[in-house]
A.B. asks: 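Here's a structure for you.
Reckoned from all heavy atoms, side chains included, excluding hydrogens, waters and symmetry mates. Residue numbers begin at 1 in each chain, while the letters A, B, ... track the order of the sequences.
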Number of protein chains: 2
Amino acid sequence: MNSEFHIAVHSLVFLAYLPSRMASSELLASNICTNPVRIRKVMNLLKTAGLVDVQKGTGGGYILRGNPRQITLGSIYRLTSAGSLVSDWRSGDPTMDCIVASQIGQVMSHIFEGAEEQFERHLDQYTIQDLLNQMQMNKRN
Amino acid sequence: MNSEFHIAVHSLVFLAYLPSRMASSELLASNICTNPVRIRKVMNLLKTAGLVDVQKGTGGGYILRGNPRQITLGSIYRLTSAGSLVSDWRSGDPTMDCIVASQIGQVMSHIFEGAEEQFERHLDQYTIQDLLNQMQMNKRN
DNA sequence: GCCAAATGTAACTGTTATGATTACATTTAC
DNA sequence: GTAAATGTAATCATAACAGTTACATTTGGC
């Protein structure tokens, strides 16, 4: 699993948590514990998808645009890491005579495509607001 | 996803396909399109799990032991690649003050553990015999 | 007993992927 | 005009991965 998915989710939860709903790449980087360049690359994806607005220049940064109750982890996964469940390595070779060696590639691909769909449905169960609520609940204990 | 999973599945399907149910690491490697050393490492796992027997020396190799109708891809996954769905990278830091940065690690871990369980259930739907049947069906068309 | 064939396993190499860092052009608020 | 922020390319270090070589060990057949 790509770490960009984690960065995107963390960023959105953090923006939803801030009253201003705005943070610079530097602030995000220090909260996520990575470097600002990675943040900017990931936030670019979220901008293209319309999840955040960008304000350049002094006092600028990234502003949460979407409704955190409607942004699912599945949609973020599809933006940042789609297909990462499927390994690129394949055994066998379609041109071989053996029915096992020639067909296992497509059989496994089919199985993994099903797993990928199921994985996305699993992630679709969670929204950014769900995660934030859970963290605020835990805080009270 | 670890390629050892693919190697293990391919090996077992191939052994189930052979009338003798036996093959050397060299034969398996040529059918799977990898090298014998990797085969032997993976087959060692299957031996420990009781899925294959090993015969050393001249004319030896690996012999399918379990019933291909009862060996699920899930059980193979648990042997070879358990936990590979979860990324090791974690954003944030449990020691930080921010409720997001300090808690996102465990929240994401929980979500991925659920996904891992679901993934295993998905793989448990398929047996080695299922895959072999499908390949023999396709062959006829 | 000897030899050939096979597994078990460690070590090394090359390639790729990943994340961090640096640098700099561009944009924008004041 | 300057400072602050993003956009993006380039580079570096590290780790992961697969392939390869080598060799000890085991075993079957003569």
Side-chain angles (χ1 to χ4, degrees), chain A residues 1-8 10-11 15 18 20-49 51-65 80-93, chain B residues 1-8 10-11 15 20-49 51-65 80-81 83-93:
Chain A
M1 169 63 53
N2 201 331
S3 66
E4 294 191 352
F5 172 71
H6 292 260
I7 291 175
H10 189 148
S11 294
L15 289 177
L18 294 176
S20 67
R21 295 196 155 189
M22 179 172 186
S24 68
S25 63
E26 194 167 356
L27 178 56
L28 285 166
S30 79
N31 193 265
I32 291 171
C33 298
T34 182
N35 62 83
V37 177
R38 299 203 71 203
I39 302 293
R40 296 200 280 264
K41 201 192 298 185
V42 173
M43 297 311 275
N44 240 340
L45 294 173
L46 303 186
K47 181 190 70 177
T48 303
L51 296 178
V52 297
D53 278 338
V54 181
Q55 195 166 344
K56 288 185 171 182
T58 307
Y62 301 94
I63 306 138
L64 180 62
R65 182 168 183 72
T80 59
S81 314
S84 72
L85 214 74
V86 185
S87 79
D88 44 356
W89 200 89
R90 281 285 176 282
S91 68
D93 179 348
Chain B
M1 170 62 55
N2 201 332
S3 66
E4 294 191 352
F5 172 70
H6 293 258
I7 292 174
H10 189 148
S11 294
L15 289 177
S20 67
R21 296 196 156 189
M22 180 171 185
S24 68
S25 64
E26 195 168 354
L27 177 58
L28 285 166
S30 79
N31 194 265
I32 291 172
C33 298
T34 182
N35 62 82
V37 176
R38 298 204 71 203
I39 302 292
R40 296 200 281 264
K41 202 193 297 186
V42 173
M43 296 311 275
N44 239 341
L45 295 173
L46 303 186
K47 181 190 69 174
T48 303
L51 296 178
V52 297
D53 277 338
V54 181
Q55 195 166 345
K56 287 187 173 183
T58 305
Y62 301 94
I63 306 139
L64 180 60
R65 182 168 183 71
T80 60
S81 315
S84 72
L85 215 75
V86 185
S87 79
D88 43 357
W89 200 89
R90 282 285 177 280
S91 68
D93 179 347

A.B. asks: If you check the A:Lys56 side chain, which of D:dA18, D:dG7, D:dA22 turns out closest?
C.D. replies: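 Nearest listed nucleotide: D:dG7.
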A.B. asks: What nucleotide among C:dT9, C:dT21, C:dG19 has an atom nearest to a side-chain atom of A:Val37?
C.D. replies: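 So the side chain of A:Val37 is nearest to C:dT21.
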A.B. asks: Hey, is the side chain of B:Ser3 poking within less than 4.0 Å of OP1 or OP2 on D:dA18, counting only N and O atoms?
C.D. replies: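 B:Ser3 to D:dA18 OP1/OP2: side-chain N or O found under 4.0 Å.
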A.B. asks: Among B:Leu15, B:Thr34, B:Leu28, B:Asn31, find the residue that satisfies the side chain to side chain contact (heavy atoms under 4.5 Å, CB included) test when tested with B:His10.
C.D. replies: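 Option passing the side chain to side chain contact (heavy atoms under 4.5 Å, CB included) with B:His10: B:Asn31.
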A.B. asks: With a 4.0 Å heavy-atom cut-off, tell me which residues in residues 21-33 of chain B come close to DNA chain D, sorted by residue number.
C.D. replies: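 None - not one residue of the stretch has a heavy atom sitting under 4.0 Å from the strand.
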A.B. asks: Does D:dT8 have its OP1 or OP2 closer than 4.0 Å to a side-chain nitrogen or oxygen of A:Asn44?
C.D. replies: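 Checking D:dT8 against A:Asn44, a side-chain N or O does come within under 4.0 Å of OP1 or OP2.
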A.B. asks: Of the options D:dG7, D:dG19, C:dT7, whose atoms approach the side-chain atoms of A:Tyr62 most closely?
C.D. replies: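 Closest nucleotide to the A:Tyr62 side chain: D:dG7.
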A.B. asks: Starting at CZ of B:Arg38, measure out to OG of A:Ser91 and round the result to the nearest 0.5 Å.
C.D. replies: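 Answer rounded to 0.5 Å: 10.5 Å.
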A.B. asks: Given D:dA22, C:dA23, D:dT20, identify the nucleotide with an atom nearest to the side chain of B:Arg40.
C.D. replies: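 Minimum distance to the B:Arg40 side chain belongs to D:dA22.
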A.B. asks: Separation of B:Leu46 atom CG from C:dT7 atom P, in whole Å?
C.D. replies: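 Atom-to-atom, B:Leu46 to C:dT7, this comes out as 14 Å.
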A.B. asks: Heavy atoms under 4.0 Å, any strand shown: does A:Arg38 hit a base, just sugar-phosphate, or nothing?
C.D. replies: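 The answer is sugar-phosphate, as A:Arg38 gets under 4.0 Å only of primed atoms, P, OP1 or OP2.
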A.B. asks: Examine C:dG8: is either OP1 or OP2 under 4.0 Å from a nitrogen or oxygen in the side chain of B:Lys47? Give yes or no.
C.D. replies: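 Yes, because at least one side-chain N or O of B:Lys47 sits under 4.0 Å from OP1 or OP2 of C:dG8.
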A.B. asks: Distance check needed: D:dC17 C1' versus B:Ile7 CD1, whole Å only.
C.D. replies: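 After rounding, the reported distance stands at 11 Å.
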